[in-house]
Every structure is written in C-alpha cells, then in structure tokens.
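One structure below.
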Amino acid sequence: MAVKEKPIWKFNIKGGHETPTKSVATARGKSVIIDEPVLRGGTDEGPMPVEYVFMGLLGCTHVISNKLANKHGADFTSMDIDINVTMDSHGTRLINPINVPFPEVVLDIVVEYDGPRDAAIAVTCDLKHHCAVSKMLQESGTRVIENWVLNGEEIQTS
C-alpha cells in the first residue's frame, strides 16, 4: 500500500529531564535516552545529543539514497556509512559562543548496487540536495563531504 505523503508536515518530539545530563525523548511512541559520557558527568546510558544529530544524518543518507536509487533505476543492495565529525566545542563548553559548531563532516559511503552505473552515479550527485539533515548542516555552515565507493569504484563528487 503506497503512502501519500504531504509535502509539508509537522511532527512532535517530547521529553524531559531525568538528571542534569540525562534526558529521555519520545517520537511516535519510540523513546531514546540522551546522556553524556561519564567523563562529562553523565552516566553514559545513551548517545550524546550531538551524536544523535549524526545518527540522523546516517539514517537520512541511507533512506534518501535508496529512494534516489529507485527513482533513477538502480537497486542499492548494501550500504555502509562511516561518519567523521569535526566539532568546535567552544560553545558547549561555555568558553564563547560560536557560529558553526560542526565545521566539517565527512561521510564515507560504500554501496553495492544492481542496475545501470549512471543511475548509481546520479544518486551521488543528488543526495546533498535531498537529505534534510545534510541540508540543515550545510545551511548552518558545515562543510559536508561525501566520499562514495560504488561496487568497488571510488567516485569523485563535487
């Protein structure tokens, strides 16, 4: 059954304080723990808030890449994504406010696919324009770099 999606829609996240470093957030009935490492005064029961941002980037990259592959006539049969983040913690450490907390994010995306090579290449060109989390980061000043390997071939993207 195909779902007809609205172009503009709203959603809600709820949550709250459990300790000074630990919170629980809920979306669509699914809850997650957000916490800091022990070294930062937390209990390390969940990822840090900034890690959830990049988990979202990973998920968005995966889902939108597969949608784009389908649109262009390819089938991504496997995908591994490794994300390396550079963070300027001057703001979160209360040293001084900053404009761009994440100057650079590098995604290494390794895909196996079936279908035309040109269809898979089209995904590498289109993703940065369609993944909402990537767009949010780009618009905030983060340099988002995507390194693609398609069926063992390194692909140069702009």
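Counting from 1, the numbers follow the sequence of the chain as shown. What you are looking at is a predicted structure, and each value in this text was computed from that prediction instead of being measured.
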I'd like to know if the side chain of [X] and the backbone of [Y] have a donor-acceptor N/O pair within less than 3.5 Å.
{"X": "Thr77", "Y": "Glu112", "answer": "yes"}
{"X": "Asn70", "Y": "Asn66", "answer": "no"}
{"X": "Glu139", "Y": "Met136", "answer": "no"}
{"X": "Ser65", "Y": "His62", "answer": "no"}
{"X": "Thr142", "Y": "Phe102", "answer": "yes"}

Apply side chain to side chain contact (heavy atoms under 4.5 Å, CB included) to the pair Val24 and His17, showing each step before the final yes or no. CA-CA 7 Å; Val24 174; His17 167 104; over 6 Å; no
Side-chain contact, heavy-atom cut-off 4.5 Å: [X] with [Y]?
{"X": "Asp108", "Y": "Ile81", "answer": "no"}
{"X": "Leu150", "Y": "Thr124", "answer": "yes"}
{"X": "Val105", "Y": "Leu57", "answer": "yes"}
{"X": "Met79", "Y": "Ile109", "answer": "yes"}
{"X": "Leu68", "Y": "His130", "answer": "yes"}
{"X": "Leu127", "Y": "Trp148", "answer": "yes"}
{"X": "Ile13", "Y": "Thr26", "answer": "no"}

side-chain contact (heavy atoms from CB on, under 4.5 Å) involving Gln138 - partner list, sequence neighbours excluded: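 Listed in chain order: Lys128, Ser134, Lys135, Val144.
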Using the test ring pair (Phe, Tyr, Trp, His ring centres under 6.0 Å), find all partners of Phe76 that sit at least two apart in sequence or belong to another chain. none
Begin from the C-alpha positions of Asp75 and Tyr113 and carry the test side chain to side chain contact (heavy atoms under 4.5 Å, CB included) through to its verdict. CA-CA 5 Å; Asp75 178 28; Tyr113 70 93; over 6 Å; no
For Asn151, side chain to side chain donor-acceptor pair (under 3.5 Å) partners two or more places apart: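 Checked Asn151 against side chain to side chain donor-acceptor pair (under 3.5 Å); zero matches.
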So which heavy atom on Ile33 is nearest to which on Pro47, and how close?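 So the two residues come closest at O-CD, 3.8 Å.
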Have Asp126 and His72 got a donor and an acceptor in their side chains that come within less than 3.5 Å?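 A pair is found: one side chain offers a donor N or O, the other an acceptor, under 3.5 Å apart.
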Taking NZ, NE, NH1 and NH2 as the nitrogens, is one of them in Lys22 or Glu36 under 4.0 Å from a carboxylate oxygen of the other? no
Test side chain to side chain donor-acceptor pair (under 3.5 Å) applied to Thr43 and Asp35, step by step: CA-CA 7 Å; Thr43 58; Asp35 198 2; 2.3 Å; yes
Let me confirm one number: the [atom1]-[atom2] distance from [X] to [Y], rounded to the nearest 0.5 Å.
{"X": "Met48", "Y": "Thr21", "atom1": "CE", "atom2": "OG1", "value": "11.5 Å"}
{"X": "Glu45", "Y": "Thr19", "atom1": "CD", "atom2": "OG1", "value": "8.0 Å"}
{"X": "Glu154", "Y": "Asn147", "atom1": "CD", "atom2": "CG", "value": "8.0 Å"}

Ile34-Leu58 co-clustered via ILVMFWY side chain contacts under 4.5 Å: no
Counting heavy atoms not belonging to Lys67, are there more than 12 under 6.0 Å from its NZ?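 Open: at most 12 neighbouring heavy atoms sit under 6.0 Å from NZ of Lys67.
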Please check if atom CG in Asn96 has more than 12 non-hydrogen atoms from other residues, nucleotides or ligands closer than 6.0 Å.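 Yes - once you tally the heavy atoms of other residues, nucleotides and ligands closer than 6.0 Å, there are more than 12.
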Step by step, would you call Leu107 with Phe54 a side chain to side chain contact (heavy atoms under 4.5 Å, CB included)? CA-CA 10 Å; Leu107 294 88; Phe54 295 99; over 6 Å; no
Start with the C-alpha distance between Glu104 and Ile145, add both sets of side-chain angles, then the distance that settles side chain to side chain contact (heavy atoms under 4.5 Å, CB included), and finish with yes or no. CA-CA 8 Å; Glu104 185 175 273; Ile145 300 166; 3.5 Å; yes
